[in-house]
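Reckoned from all heavy atoms, side chains included, excluding hydrogens, waters and symmetry mates. Each chain gets a letter, A, B and so on, in the order its sequence line appears, and its residues count up from 1.
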Amino acid sequence: MEEIYNAETVEEKWQKYWEEKDCFKVCEDKSKKKFYLLEMFPYPSGKLHMGHVRNYTIGDLTARYKKMKGFNVIHPMGWDAFGMPAENAARDNNTHPAKWTYANIDNMKKQLKRLGFSYDWSREVTTCTPEYYRWEQWLFIQMYKKGMAYRKMASVNWCEKCQTVLANEQVEDGQCWRCSSEVQQKKLNQWFFKITDYAEDLLNYCDKLTGWPEKVTTMQKNWIGKSEGAYIDFDVEGLDEKIKVFTTRPDTLYGCTFMCLAPEHPFVEKFASASGKLDEVKKFQEKVSRQERTAKAIETAEKEGVFTGVYCINPANKRKVPVYAANFALMEYGTGAVMSVPAHDQRDFDFAKKYSLEIIPVITPKNEDLTAEDLDKAYSLPGILKNSDEFNGKENEAAKKLIVEKLALENRAEIAVTYRLRDWGISRQRYWGTPIPMIHCEKCGIVPVNEEELPVKLPEEANILENGSSPLPVLESFYKVKCPKCGMDAKRDTDTMDTFVESSWYFLRYCSPGFDKGMFSKEAADYWMPVDQYIGGVEHAVMHLLYSRYFTRVLNDLGLVSVREPFENLLTQGMVCKEIMRCPVHGYIYPEEAKKTDKGNMECMICGSAIEVGRKEKMSKSKKNVVDPNSLINNYGADTTRLFSLFAAPPERDLEWTEEGVEGANRFLNRVWRLVSGLIEEIKGSSPFRGDFDKLSGASRDIYRKTSETIEKAGHDIDRFHFNTAIAVVMELVNLIYSSLDKKDDLNREVLMHSIESIILILSPMVPHFCQELWSLTGHDSILTEELWPEIDKKALVPDEVLVVVQINGKLRAKLNIIPDADEDEVKKLALENEAVIKYTDGKTPKKVIYIKNKLVNIVL
RNA sequence: GCCGAAGUGGUGGAAUUGGUAGACACGCCAGGCUUAGAACCUGGUGGCGCGAGUCGUGGAGGUUCGAGUCCUCUCUUCGGCACCA
């Protein structure tokens, strides 16, 4: 056996073996319990980053561990291969998106294999292949037939730089999520998925997703944003119109003293022209449209409005109420009209102060009488109604219902629920995406492509245009088609789908990746689904996870799959961080551009200046605080890389990358290696201890017991994703064996063999190449991927003696070693007779003596 | 503004259910091995104190025989939502 562990040759050897022997291939097997382990598939950007490595290491450990626990584990991998970076790269490097994408996939796949991940590559799914998107198009047509996909003119978020529309979720603080340029509004005819039909269902199930972090379900709930209230109709004075408002506070209706419409509300111009105020109103509209829509701007922007010149009638008290157009009213929410109650809403209050509008309190705290003069801000707490006719004196919560009921009798109000969630706009004016399988015919309107003609292939001869936009709208061979219905000349839809569509069902495709009679085989999907453990970044908490839940519901309702929720358990891993380094001359610098001086400071290798070491932040190219997985593997090997990312922090927390930490992980592997190589002559050929624990004594007994404890604790820790502590207990065992080695004469070889075997087995899901090599070297013919998790000898878990601590008034004063489950009175007696205890009790009689079995005695004086 | 999470040694982090705070690792210190270094092995390492001790889990209270853990208030950091009517 080599004295030193050579990661490179060992890793290469076993990777080759695994691949040749197809070790990770799985099939449905109804005799076994299945386990679907899924990691979020990557966008093939070209290279893996440390975030991927961490995500997939956690996944691989879990997959291998579950397999050792006897599950039939499916562990697939694929590529979220459509998307804009491919187009950008194609334009910048004068290549084709497909070429770029496939080259990246090739490269990243090599990297994944170098890390030794146990993927069943026969299930690889690549979303940009016609075999995949064909079925997405098919589903689109089914959804269209059910009214679940529809088209409407919509004001969309338009990014001038990317030349495309963005989903609401892709707009962050009014800026494009990718390029951060300002998002504008543009009217376009768009395809939408009716996710709002499922808003209630998606919301209700949030609380049933007990295997998800609460943080994520809360974010989804916020995103869906249900609010319960009422629609109330206001008559308009002098015009035959009704203004419908949505309010969550019908109890404050009597306090409504003005009305605010969104500037783009259709009534605004209508009213203004009726009253002759069109000029002023138009000026206001223009001003608002120029206003910034970023969160910051909104926060600081003053509430502003303009009187339309028209009054409406408060249906409760018939009061005449002026109608304003106001910058804080949003057309996208509710009805675009707000009944303003300045006494009880802060925005309305600000607005009323600015324009000297009347403020009438209608809710007052119990045992107090709130008047308009008392108010220096809106009162928004619960209370008792006043100034509200027959509702005076009622609790405001109760009044909500009563007021709506009264108005409902006259057809002026109804209970209503609104959601913040919008329908999912999926049209993208891009090339590198799934073509929308629809044809526009002048005579027949919108006609789906015949299903036999699917897929509508993305024409590969096309290339991105100079300005970066899609070639499809100008590619005659693509858009010029015959109408499937009437046979006349017609035009193909030249938009492609949002790439979140592909990732909303890839986990189903993995169940039967080659299936050519549908999206997936129902039989296979019903065997494998739901995903038992999903692992990925928290950045997908809303979009991807919500869309996937939505798609699973749609597919369930179409009878294509039996599950309704796709992901049973979710683990969101933290980010990989590293400190930022800045050279006063060169700005941000890469870690490899810095070196440590003798004094322990960092200096720039280019210019020698002292480097400011900044705080730890998420690794990003722009800050140059990145580490390339490839160089890590080259320097230390895949197993060290894997071990470090598991040991340095629990998975859900951020992981701070340090060179010292990586070296520590490497050191541990070498320590295990040396332990085995030092013992190999002695233990090789021995079988692991299977005898009676009671016959063991001395160091052998201790080691055997510690081994049993380690198997138990490591398994338990892995079950709850505490990988760092699972590794720590193995380190403890290794330390114990090391420190027992000088007592070698006592050591039972079979016990040693048992311990070494156990260490190898426990570590094998984490550092599989390393363990497989040791497994073979210690005389095993089998392949570790077929081995089961080691058995625990329960008998050895019972300690010979337990440590009972003795406290006096809660302070630790003595320790007793006692046989387990000793008689309570005897332990108390022993404690009280203890020398140190006598010193502290000082002859006093204890008031109370508390005994916790096998743990502690607390003497209260 | 609203909602949520987290604050533990010099550092990353341990501590099922309230029961020895600081496992394991990094770093540091000492010793061993070595011609020397690296590597490795052994030991030490929360603060204060020579010591018996004493103080210690962001801060202030509280419950309890006993609190990192439970309750109230508060500070800080991070994340999400946000003119949502």
CG/A:Leu381: more than 12 non-hydrogen atoms of other groups inside 6.0 Å: yes

C1' atoms of B:rC78 and B:rG9, separation to the nearest Å: 23 Å

Heavy-atom protein contacts under 4.0 Å, nucleotides 36-52 of chain B, coded B base, S sugar-phosphate only, - none: ----SSS---------S

Separation between the C1' atoms of B:rG49 and B:rA15, rounded to whole Å: 28 Å

Short side-chain N/O contact to B:rC84 OP1/OP2 from A:Arg249, under 4.0 Å: no

Span that lies between the C1' atom of B:rG59 and that of B:rG7, in whole angstrom: 11 Å

Whole angstrom value for the distance that separates C1' of B:rC83 from NZ of A:Lys354: 14 Å

Listed once per pair and sorted, the ring pair (Phe, Tyr, Trp, His ring centres under 6.0 Å) pairs that draw on residues 325-347 of chain A, sequence neighbours left out: A:Phe328-A:Phe351

Any A:Lys811 side-chain nitrogen or oxygen under 4.0 Å from OP1 or OP2 of B:rC55: yes

Expected output: side-chain A:Gln285 to main-chain A:Pro263 donor-acceptor under 3.5 Å: yes

Tabulate protein N/O versus nucleotide N/O from nucleotides 15-19 of chain B, keeping only pairs under 3.5 Å, one per line.
from   : atom 1 : to       : atom 2 : distance (Å)
B:rA15 : OP1    : A:Arg720 : NH2    : 3.4
B:rG19 : N2     : A:Asn858 : ND2    : 3.4

Euclidean distance, atom OH of residue A:Tyr419 to atom P of B:rA85 [Å, nearest integer]: 14 Å

Of A:Glu214 and A:Lys815, the one whose closest RNA chain B nucleotide lies more 5': A:Glu214

Who pairs with B:rU76 - Watson-Crick or G-U, where each distance is under 3.5 Å: B:rA6

Torsion-based syn/anti label for B:rG56, 90° from 0 as limit: anti

Greater than 12 external heavy atoms within 6.0 Å of A:Glu801's CD: yes

Whole-Å gap separating P (B:rA14) and CE (A:Met731): 14 Å

Counter-base of B:rC24, judged by Watson-Crick or G-U geometry with both distances under 3.5 Å: B:rG12

Any donor-acceptor N/O pair, A:Asn625 side chain to A:Glu617 backbone, under 3.5 Å: yes

Sugar-phosphate, base or nothing in reach of A:Val860, heavy atoms under 4.0 Å: sugar-phosphate

Between B:rG12 (P) and A:Glu659 (CD): distance, integer Å: 18 Å

Presence of donor-acceptor pair under 3.5 Å, side chain of A:Lys848 and base of B:rC65: no

Sugar-phosphate, base or nothing in reach of A:Phe647, heavy atoms under 4.0 Å: base

Inter-nucleotide C1' distance (B:rG10, B:rG22), Å rounded: 14 Å

Residue whose nearest RNA chain B nucleotide is more 5′ - A:Asp345 or A:Ala728: A:Ala728

Watson-Crick or G-U wobble mate for B:rG68, both contacts under 3.5 Å: none

Ring pair (Phe, Tyr, Trp, His ring centres under 6.0 Å) partners for A:His540, two or more places apart: A:His544

Atom-pair distance (CD on A:Gln573; C1' on B:rG79), nearest Å: 15 Å

Pairing nucleotide - B:rU34, Watson-Crick or G-U, each distance under 3.5 Å: none

B:rC48: pairing nucleotide in any strand, Watson-Crick or G-U under 3.5 angstrom: B:rG53

Of all pairs that satisfy side chain to side chain donor-acceptor pair (under 3.5 Å), the ones with a partner from residues 726-737 of chain A, not counting sequence neighbours: A:Arg671-A:Asn735, A:Lys706-A:Glu732

Over 12 non-hydrogen atoms of neighbours within 6.0 angstrom of NZ in A:Lys226: yes

Atom-to-atom span, CD of A:Glu709 to C1' of B:rA23 - whole angstrom: 13 Å

A:Glu656 CD - B:rC26 P separation (whole Å): 15 Å

Sugar-phosphate, base or nothing in reach of A:Leu655, heavy atoms under 4.0 Å: nothing

Any A:Arg347 side-chain nitrogen or oxygen under 4.0 Å from OP1 or OP2 of B:rC84: yes

Donor-acceptor pair, side chain of A:Arg549 and main chain of A:Leu202, under 3.5 angstrom: yes

For B:rC81, the Watson-Crick or wobble counterpart (both distances under 3.5 Å): B:rG1

Which residues share a salt bridge (charged side-chain N to carboxylate O under 4.0 Å, His left out) with A:Glu656, sequence neighbours left out: A:Lys616

Neighbour count >12 (heavy atoms, 6.0 Å) for atom NZ, A:Lys618: no

Separation of the P atoms in B:rA21 and B:rG66, to the nearest angstrom: 14 Å

Separation of B:rG13 C1' from A:Leu643 CG (nearest whole Å): 15 Å

Heavy-atom donor-acceptor pair, A:Thr658 side chain to A:Gly661 backbone, under 3.5 Å: yes

P atoms of B:rC24 and B:rG43, separation to the nearest Å: 11 Å

Separation between the C1' atoms of B:rG68 and B:rC83, rounded to whole Å: 42 Å

B:rU11 and B:rC75, which share atom name C1', separated by this distance in whole Å: 24 Å

